[in-house]
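Letters A, B, ... mirror the listed sequences (proteins, then strands); counts begin at 1.
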Amino acid sequence: MRDAPIPFWRDTPRLAFLLALAVLFLMPYIWMAAVSVKPRSEVFSGSLQLLPQTWNAIENYGRVFREIPVGRYLLNGIIVCALILVFQLAFAIPAAYALAKLNFRGRDTLFAFVMLGLLVPAQVPSIPLYVAIANAGLLNTYAALVMPFTISVFAIFLFRQFFKAMPDELIHAARLDGMGEFSLVWRVIIPNAWPAATAFGIFSVVAHWSDLFWPLVVINRGDLYTPALGVLHFRSEEAGDDYGALMAAAALVTAPLVAAFLLAQRRFIEGITMTGLKG
Amino acid sequence: MSDVVAATPYRLVRAAPMRRAGEAVAAWLLVAPAVIAFLLMLLIPTLAMVALAFTDFELGRTSFRWIGLENFSELLEDRGFRQSVQNTVLYVAFVTPLSILGGLGLAMLIEAGLRGRTFFRAAFFLPVVSLMVAMATAWQYLMHPTIGPVNNLLRSIGFAGPNWLGSSDWVLISLGLIGIWENVGFNMVLILAGLTAIPRDLYAAAEVDGATSAWERFRLVTWPLLGPTMLFVIIITTIRSIRTFDTVATLTQGGPNKASELIVWTIYQEGFTFLRMGYGAAVTVVFLIVVLGLMLLQMRLVERRVHYG
Amino acid sequence: MTASTLHPSRRMALHVMAGAAGVVAAPRIVRAQTVEITAHYSMPAIFKLAQEAVAEEFNRRQTAVRVVYSNPTPSYEDGAQLILRGAATGQLPDISFQGLNRLRIFAERGLAVDLRPFLAELGDLRALGYTEQLLNLGRANGIQAGMAWATSNPISYYNVDLLRRAGLDADRFPTNWDEVIRWSAQVKRLGGVEGMFFRWPGDDWMFSALVFGFGGRMLNADETDVGFAGPEGLNALRLLDRFVREGGMPNYTGAADLQAFAAGRLGMMFRTTAQVVGVRESVGRNFELRTARLPIIDPVNGRLPTGGAGGMIVTRDPARQRAAFAFLRFCTSVEGTTIMVRNTGYVPTNQLALDEPRHLASFYAENPLFRPATEQMPLMIPWTPFPGANSVRITETIVNNLARIVESRATPEEVQRDMANEVRRLLRARA
């Protein structure tokens with residue numbers, strides 16, 4: 001809020017507090033990373049020892065790469081999340097524009113109805129959807145993984161806010177130029193929706209990259225496994241997990257998300273800013 | 001923003017009927033793909049499940065009977081369902097305000113200076129990205145009553161740490177703490193955006209008007225302008241905490257003795273573990289009705305106080 | 001139970017019998033082409049090596065049938081879900097390895113093929129190593145729903161170094177529970193460690209071990225009423241209560257006991273033998289690990305529940321059924337079970353593998369940790385699956401009630417009464 005840079009010594013309490021809190025927040029991850037390089041016999045001990053006595057990283061990560069096709073699963077994750085995002089944007093942006101800027105009968109009822117979609121947990125429509133997809137012969141396909149998520153109520157909500165905040169002059173100017181609604185959407189709205197789309201993209205990817213429930217329902221062919229399913233391979237309630245490999249797998253699967261967030265971070269904040277959540 | 005609309009020439013706002021009809025057609029065509037996807041992927045399957053609430057359908061059987069309201073009358077007597085509802089209410093009441101306040105606090109602290117923003121944003125957002133399958137083990141270890149670091153720390157300062165995940169008194173609190181951990185980063189990012197959108201000159205103007213303390217600045221400028229953001233955050237956070245499932249499924253499975261059972265876990269368990277899809281659907285129906293009512297109430301209450309632009 | 005139709009499994013059984021009879025009666029034309037069957041199993045973390053090894057050996061030995069695996073599901077529950085969902089859509093593997101106690105669910109829904117006709121063709125089952133006891137493990141709802149493939153029973157794990165530190169003679173591990181309780185209290189007095197943990201959470205398997213140990217059963221003979229409402233049930237609950245009150249058993253959930261044990265802070269652990277490989281690796285060289293039989297309660301009538309997986313045939317096509325059965329027969333043959341034991345450490349499911357030392361004697365000599373489970377084999381009886389639509393829910397009800405004892409919120413008498421009432425209600429609710 002202040003533009004003048006605060007001298008370091010005055011900034012210290014704030015930074016120290018944030019740092020302490022950050023370490024606390026990161027504790028599970030720090031432990032996870034530590035376990036991924038330890039041999040199994042060192043994972044649990046009476047005291048918190050983060051540094052391994054025996055460096056087991058090669059065995060753990062090696063085991064992950066040996067037992068599951070990590071590259072393949074990551075590729076599946078990328079394909080599925082990308083497809084989902086594309087469809088979500090394609091459906092949500094025009095709809096949000098219409099709900100935000102156009103006047104038509106039934107608009108508010110439609111919006112209220114769509115908001116209901118936020119409330120329904122994923123487990124509820126899953127069985128009927130499964131039966132429908134199976135009967136259509138689409139089990140074990142990318143389509144099955146992508147279809148249920150193409151409608152994102154969160155996206156419609158977010159983009160609607162964004163478009164409400166967008167100056168009407170832009171749109172009126174385009175209309176005065178003789179543009180029809182569709183080319184308006186294509187040529188004016190979508191290019192300007194870019195910041196919000198980046199923001200939404202992060203939320204969407206984060207949600208679907210780690211999704212376990214739906215892939216377990218529609219996929220049982222190894223080459224279509226998503227990254228999260230790959231991690232499950234090392235989980236075994238009955239025999240006890242191979243913790244080192246499990247954490248190594250989890251680290252490998254989480255790393256791309258973290259990298260993506262760091263890269264997109266600035267755009268991401270900017271993007272939400274311009275959704276004009278302020279009004 | 002909205003004052004732009006006020007400045008628009010009157011004739012453009014008062015469009016001719018012909019224009020309005022054309023606009024309506026275009027509007028419906030634009031919303032069509034989303035509406036169709038909504039119908040196919042969300043509404044119709046949900047309605048199918050709602051219909052199942054009046055049957056005795058079980059997973060794996062190929063036929064079922066209509067049994068009317070029998071599932072619902074069983075629901076009324078179900079101690080487990082009552083416990084689940086109670087737990088969910090407590091959980092949401094605990095997690096929602098704290099994760100919103102936490103997100104707000106963090107956002108303000110991070111924005112207060114220029115140093116380390118990237119690092120802190122990433123650090124607090126990381127829990128949102130977490131894969132519960134792996135996190136479960138981490139939490140079980142960290143909260144282990146005998147060998148966990150949390151209790152070790154408490155012991156070193158003289159307190160006997162509770163059995164975080166094993167005691168029916170503490171398990172809901174522990175899940176709540178994990179829920180806050182997961183949600184704070186999410187809220188922080190949304191609020192950060194809202195904060196960075198507030199024009200700096202407003203703060204300058206406030207100072208000129210005599211608002212010298214940080215609290216005054218917050219009360220007069222920040223808080224009102226964060227209104228719409230906060231509305232969004234409140235709705236989203238409430239819904240997210242009501243829909244909590246992963247932590248219950250991987251850490252406690254509702255135990256011990258249903259002390260940590262939350263409503264979406266009940267829906268899942270009834271339908272998928274106990275295989276009684278009809279009964280699970282009945283729970284779903286009650287859940288949707290209640291939550292819908294809550295949402296409408298909340299929106300009406302909060303929106304009234306929100307100050308738009 | 002559906003209102004107006006013939007009981008599904010009886011209908012299915014008739015179909016299967018008709019189909020099987022048809023196949024047997026048909027002229028024996030030797031087909032040149034290979035039948036490929038799809039097999040499914042759960043828990044790749046345990047069974048991947050064993051399954052792949054046994055399939056490889058089977059494929060190698062003959063060319064009439066080729067076994068191919070669909071992707072394994074992470075847990076028994078996911079595996080059951082797969083089949084149950086598949087029932088609605090016809091997307092099913094030919095053979096599936098399911099948790100033994102779930103076979104009943106499939107039998108009740110007519111999804112499991114009755115194996116009796118196929119077994120009848122094999123001739124002298126006892127000579128092939130299939131005892132009544134082993135076959136019984138795969139029986140459910142009146143049919144032979146499957147055949148046990150890998151079984152487990154509860155054993156004792158203990159930390160030799162910790163016990164010795166507490167002044168106990170680790171070379172003479174207790175054979176009865178009173179002594180275990182005394183030892184546990186003694187270990188706990190060291191401070192900062194726990195003495196014992198009996199794995200009661202999760203499901204009613206370990207509790208069954210106590211009830212069976214007293215000579216009781218979970219259900220009565222004709223499955224109309226609970227079996228634990230009598231003295232055996234009460235004694236089992238009282239014993240659990242004593243673990244907590246006298247032995248100081250902590251209230252662990254999830255994998256907390258495994259974690260504490262691996263860290264060397266838990267003296268004795270009572271759990272399924274399926275964990276041996278995992279525990280051995282977690283312990284590493286931190287301390288000396290040993291296993292022993294579960295302490296005996298009633299030396300004459302005491303029994304133990306059986307966990308593990310069994311193979312179930314799902315396909316309705318007669319040719320594929322024969323092929324699937326050929327594979328299942330190999331899996332449970334003395335060669336197949338030897339492969340399984342060597343790769344998992346579970347208890348063998350063919351009597352010959354135990355009677356004839358040439359198969360596994362060297363394995364047990366090199367791996368003494370696996371021996372107690374195998375020694376307990378004569379005591380194994382099926383883990384009771386409760387009948388009807390509420391079967392899984394009943395298990396949960398039992399676990400919830402046990403939690404009340406462990407948290408010392410109710411007396412054994414109260415818990416027995418409540419548990420019996422609740423389970424009875426659930427048994428009656430959907431016949």
key: Which atom of C:Lys48 lies closest to which atom of A:Glu67, heavy atoms considered   = NZ-O, 4.4 Å
inquiry  = So does A:Val217 get a backbone contact from the side chain of C:Arg85, meaning a donor-acceptor N/O pair under 3.5 Å?
reply    = yes
note = Answer key: most heavy-atom pairs under 4.5 Å with chain A among C:Gln81, C:Arg285, C:Gln91, C:Arg280 is C:Gln91
key: C:Asn286 (side chain) donor-acceptor with A:Ser41 (main chain) under 3.5 angstrom   = yes
query = Taking atom CZ of C:Phe363 as the centre, does the number of heavy atoms from other residues, nucleotides or ligands within less than 6.0 Å exceed 12?
reply = yes
task = Would you list the pairs meeting ring pair (Phe, Tyr, Trp, His ring centres under 6.0 Å) in which at least one residue belongs to residues 258-289 of chain C, sequence neighbours left out?
result = C:Trp177-C:Phe270, C:Phe261-C:Phe287
inquiry  = Counting heavy-atom pairs closer than 4.5 Å to chain C, which one of A:Leu229, A:Leu216, A:Ile219, A:Ile127 comes out on top?
reply    = A:Leu216
query = Got a second to check how far A:Phe44's CZ is from C:Leu266's CG, nearest 0.5 Å?
reply = 13.5 Å
message = Can you tell me if C:Glu56 has over 12 outside heavy atoms packed within less than 6.0 Å of its CD?
response = no
query = What part of A:Leu139 is in contact with chain C, defined as an atom under 4.5 angstrom from a non-hydrogen atom: side chain, backbone, both or neither?
reply = side chain
